[in-house]
Participant: 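I'd like to ask you about the structure that follows.
Worth knowing before you read on, the calculation uses all heavy atoms, side chains too, and leaves out hydrogens, waters and symmetry mates.
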Amino acid sequence: MAGRLEFCLLGPLTVRRDGVAVPVPPGKQRALLAVLLLRAGRPVMADQLAELLWAPTAPPPSATATVRNYIKRLRQALGTAGQDRIVTQPGGYLIRVADGELDITEMEHELTAARRAARDADWPRASRHAAAAIDIWRGEPLCDIDLPMLSEQEVLRLAELRLQADELRIEADLNLARHAEVVADLRQLAAAHPLREHLYALLMLALYRCGRRAEALEAYRQARDVLVHEIGGDPGPELRTLHRQILHDDPAMAPPLAPPSDAAQAEPPAKPAPGPPVPRQLPAAVAHFTGRAAELAALTGLLDGAGVGAPGTVVISAIGGTAGVGKTALAVHWAHQVAGRFGDGQLYVNLRGFDPSGTPALPEAAIRGFLDALGVPPGQIPPGPEAQAGLYRSLLADRKMLIVADNARDEQQVRPLLPASPASLVLVTSRSQLGGLAAAEGARLISLDVLTHGEAVHLLAARLGAARVGAESAAVDQIARLCACLPLALAVVAARVAA
């Protein structure tokens with residue numbers, strides 16, 4: 001009897017047969033399977049497959065025959081359960097996927113159900129379906145697939161769906177009087193998507209309902225500053241109305257009545273006690289991450305060695321390098337790849353060590369945000385920074401967590417954030433070398449150089465399209481040289497060229 005297949009693209013490409021992982025050959029065969037799955041049920045022409053697989057260069061003359069061999073090997077890899085899944089069509093191929101077998105489709109079904117429940121104001125159901133959509137994600141979609149012509153649009157589309165699910169889940173939780181539980185997630189989402197006004201509106205509402213009126217007004221000021229600086233305009237009607245309501249303590253801002261507890265219901269079924277919240281604060285990964293194979297391998301090697309030393313030690317990777325070289329992009333990209341190895345969650349904070357405003361984040365502010373993310377009720381957070389740091393370390397003592405401290409100014413800003421758990425890992429980015437962390441805490445230091453010329457061209461091809469880059473190779477080479485192969489500079493120029 002044929003077994004059940006599962007195809008997963010919301011993270012590294014994974015195929016399972018009856019719950020057991022199916023090895024998929026690396027390189028272009030994985031990319032080929034990803035293309036077919038992204039177009040599941042629809043034929044993809046062989047010449048289109050060849051163009052996608054060999055981009056940004058032109059396909060070789062043998063591409064069609066090579067694609068045919070890849071198809072044969074993929075059928076063999078899928079075994080008896082998948083022999084009939086990849087079907088030859090006139091001029092191309094398609095893959096058949098049954099209901100419940102493709103994670104992207106399941107995620108979209110859950111998100112649709114959450115939207116429908118929200119329209120009906122059925123907030124418990126909206127929260128459940130939105131959370132179910134989020135739980136399907138295992139990391140950055142297509143993160144291990146080299147498809148520069150296709151990945152950009154697909155990753156952007158999927159990232160938007162993930163953000164919609166986050167917003168829906170938080171909005172539902174706010175309507176269920178769970179405002180204290182969503183503040184930390186909202187801070188991270190608003191920081192990662194500063195032009196998305198609705199996220200700031202949700203953050204302001206959650207803070208106000210937590211009794212943190214001053215912070216709610218500060219969130220409005222931050223949103224206004226970003227919008228004025230980035231697009232030259234003031235906040236829209238939603239934020240302005242909410243701001244006025246907070247200033248006047250409008251009764252409409254009061255939190256809704258919490259839903260009845262199980263104890264108030266007649267003979268409720270026994271339920272297990274809820275476990276501690278699992279924060280997942282990593283910002284969205286860069287859509288056009290390029291190169292850094294050696295650094296990624298080094299980071300994974302550090303992780304594989306974590307916990308080998310004396311009890312209480314913490315493996316820290318301090319990623320250094322000049323501005324624009326891609327420290328944050330590397331840290332976040334790798335963190336998404338390994339997030340599944342940290343079952344107790346991931347914490348993220350931008351320490352603003354080299355922020356243009358000149359005001360780095362205080363360590364105690366970062367710890368307070370972490371305590372929010374770890375589900376500590378505001379009334380149970382000690383008043384002093386030292387007591388808060390002690391509570392933070394106590395909460396992480398037996399947990400396996402990944403903590404990303406981004407854009408640190410110096411060692412003093414980072415040290416209070418270090419847990420004592422040998423199972424946790426701290427990833428620090430900074431323009432400074434942070435040699436003090438290496439000397440006192442045993443940090444592993446990774447310094448980034450600029451991209452190679454080939455990697456810079458590949459990044460431009462991913463953003464501008466392989467055909468355009470191939471047609472204007474001399475101009476592309478000049479852009480790479482003028483940008484000194486710095487990822488940030490290349491991204492800015494590519495965005496202007498594409499506009």
Participant: Rounded at 0.5 Å granularity, tell me how far CZ in R393 sits from CD1 in I367.
Facilitator: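 Going from CZ on R393 over to CD1 on I367, the span is 7.5 Å.
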Participant: To the closest 0.5 Å, what do you measure between CD1 (I170) and CG (N175)?
Facilitator: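 CG of N175 is found 12.5 Å from CD1 of I170.
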Participant: When you measure from the side chain of D410 to the backbone N and O of Q413, does any donor-acceptor pair fall under 3.5 Å?
Facilitator: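 Yes, D410 side chain to Q413 backbone: donor-acceptor pair under 3.5 Å.
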Participant: Can you find a pair of side-chain heavy atoms, one from P419 and one from M401, that are under 4.5 Å apart?
Facilitator: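 Heavy-atom side-chain distance check fails, nothing below 4.5 Å.
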Participant: Which atom pairs, donor and acceptor, lie under 3.5 Å between side-chain atoms of residues 383-392 and protein residues at least two apart or in another chain?
Facilitator:
residue, atom, partner, partner atom, Å
Q388, NE2, P382, O, 2.8
Y392, OH, L417, O, 2.7

Participant: Please examine the side chains of E218 and L207, heavy atoms only from C-beta on, and report whether any two atoms are closer than 4.5 Å.
Facilitator: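 The answer is no; the side chains never approach within 4.5 Å.
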Participant: Supply the atom-to-atom distance Y200 OH to L189 CG, rounded to the nearest 0.5 angstrom.
Facilitator: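 Answer rounded to 0.5 Å: 11.0 Å.
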Participant: How close do K327 and T429 get, counting heavy atoms only, and between which atoms?
Facilitator: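 Heavy atoms of K327 and T429 come nearest at O-CG2, 3.9 Å.
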Participant: Working note: D225 + Q222, criterion side-chain contact (heavy atoms from CB on, under 4.5 Å); need CA distance, chi angles, decisive distance, verdict.
Facilitator: CA-CA 5 Å; D225 288 349; Q222 291 174 356; 5.8 Å; no
Participant: Backbone N or O of K400 within a donor-acceptor pair of the D344 side chain at under 3.5 Å?
Facilitator: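 Answer holds: yes.
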Participant: Kindly say whether P12 contributes a backbone atom to a donor-acceptor pair with the side chain of T14 at under 3.5 angstrom?
Facilitator: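 Yes; at least one donor-acceptor contact below 3.5 Å.
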Participant: Indicate yes or no for a side-chain donor-acceptor contact from Q281 to the backbone of Y348 under 3.5 Å, with no hydrogens or angles considered.
Facilitator: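 Checked: pair present.
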Participant: Using a 4.5 Å cut-off on heavy atoms from C-beta on, say whether the side chain of V349 contacts that of V404.
Facilitator: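 No, every pair of side-chain atoms sits at 4.5 Å or beyond.
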Participant: Check W137 against A159 and note the closest heavy-atom contact, atom names and distance.
Facilitator: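 That would be CH2-N, 4.3 Å.
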Participant: Is the shortest side-chain heavy-atom distance between L396 and I403 below 4.5 Å?
Facilitator: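 The answer is yes, as the side chains (C-beta and beyond) meet within the 4.5 Å cut-off.
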Participant: Does any part of the side chain of Q433, heavy atoms only, come nearer than 4.5 Å to the side chain of S447, both counted from C-beta?
Facilitator: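 Side chain of S447 against side chain of Q433, heavy atoms only: contact under 4.5 Å found.
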Participant: Please examine the side chains of V338 and L425, heavy atoms only from C-beta on, and report whether any two atoms are closer than 4.5 Å.
Facilitator: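 A side-chain contact under 4.5 Å is absent here.
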Participant: State which residue, out of R162, R157, Q164, fulfils the side chain to side chain donor-acceptor pair (under 3.5 Å) condition with E160.
Facilitator: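 Only one of R162, R157, Q164 forms a side chain to side chain donor-acceptor pair (under 3.5 Å) with E160, namely Q164.
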Participant: Give the intermediate values and the outcome of side-chain contact (heavy atoms from CB on, under 4.5 Å) for residues R138 and C8.
Facilitator: CA-CA 9 Å; R138 298 171 297 111; C8 305; 3.3 Å; yes
Participant: Could you check whether any side-chain N or O of R30 sits under 3.5 Å from a backbone N or O of D144, counting only pairs where one atom can act as donor and the other as acceptor?
Facilitator: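 It does not hold such a pair.
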Participant: Considering non-hydrogen atoms only, spot the tightest contact between P363 and P416 and give its length.
Facilitator: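 Taking every non-hydrogen atom into account, CB-CG, 3.8 Å.
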Participant: Do R196 and E167 have side chains that get closer than 4.5 Å, going by heavy atoms?
Facilitator: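 Side-chain contact under 4.5 Å: yes.
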Participant: Shortest non-hydrogen contact from W334 to L427?
Facilitator: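 So the minimum-distance heavy-atom pair works out to CE3-CD2, 4.0 Å.
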Participant: Please check this pair: side chain of T112 against backbone of E108, looking for a donor-acceptor N/O pair closer than 3.5 Å.
Facilitator: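 Indeed, once roles are kept as given, a pair shorter than 3.5 Å links the two residues.
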Participant: Name the residue from R169, H109, E110 that meets the side chain to side chain donor-acceptor pair (under 3.5 Å) definition with H129.
Facilitator: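 Exactly one candidate clears the test, E110.
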Participant: Let me see the working for I104 and L161 under side-chain contact (heavy atoms from CB on, under 4.5 Å), right down to the final yes or no.
Facilitator: CA-CA 10 Å; I104 292 177; L161 293 180; 6.0 Å; no
Participant: Distance check, rounded to the nearest 0.5 Å: L174 atom CG versus H179 atom NE2?
Facilitator: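 Between L174 CG and H179 NE2, I get 8.5 Å after rounding to 0.5 Å.
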Participant: If I take atom CZ from residue R368 and atom CD1 from residue I381, how far apart are they, to the nearest 0.5 angstrom?
Facilitator: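 Answer for the CZ-CD1 pair, R368 versus I381, is 4.0 Å.
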Participant: To the nearest 0.5 Å, what is the distance between CD (E441) and CG (L418)?
Facilitator: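 Spacing of CD (E441) from CG (L418) equals 6.0 Å.
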Participant: Go through the steps for F354 and S430 under the test side-chain contact (heavy atoms from CB on, under 4.5 Å), then give the verdict.
Facilitator: CA-CA 9 Å; F354 297 88; S430 178; 4.0 Å; yes
Participant: Output every pair passing salt bridge (Lys or Arg N to Asp or Glu O under 4.0 Å) with a member in residues 230-244, not counting sequence neighbours, ordered by first then second residue.
Facilitator: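 Salt bridge (Lys or Arg N to Asp or Glu O under 4.0 Å) check on residues 230-244 returns R224-D234.
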Participant: Under a 4.5 Å cut-off applied to non-hydrogen side-chain atoms, are D185 and D166 in contact?
Facilitator: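 Of all side-chain heavy-atom pairs linking D166 with D185, none is under 4.5 Å.
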Participant: Do you know the tightest heavy-atom contact between A192 and P283?
Facilitator: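 Minimum heavy-atom contact is CB-CB, 3.9 Å.
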Participant: Would a distance-only check, ignoring hydrogens and angles, find a side-chain to backbone donor-acceptor pair under 3.5 Å from S432 to A408?
Facilitator: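 The answer is no, because no donor-acceptor pair under 3.5 Å joins these two groups.
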Participant: Compare every heavy atom of A361 with every heavy atom of R352, then report the nearest pair and how far apart it is.
Facilitator: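 Scanning both residues, the minimum pair turns out to be NH2-CA, 3.9 Å.
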Participant: Return yes if some donor-acceptor pair links the side-chain N/O of D103 with the main-chain N/O of L9 below 3.5 Å, else return no.
Facilitator: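 Confirmed, D103 side chain pairs with L9 backbone.
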Participant: Pairs in or reaching into residues 205-215: which pass salt bridge (Lys or Arg N to Asp or Glu O under 4.0 Å), with residues at least two apart or in two chains?
Facilitator: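 Salt bridge (Lys or Arg N to Asp or Glu O under 4.0 Å) check on residues 205-215 returns R187-E215, R212-E215, R212-D372, R213-D249.
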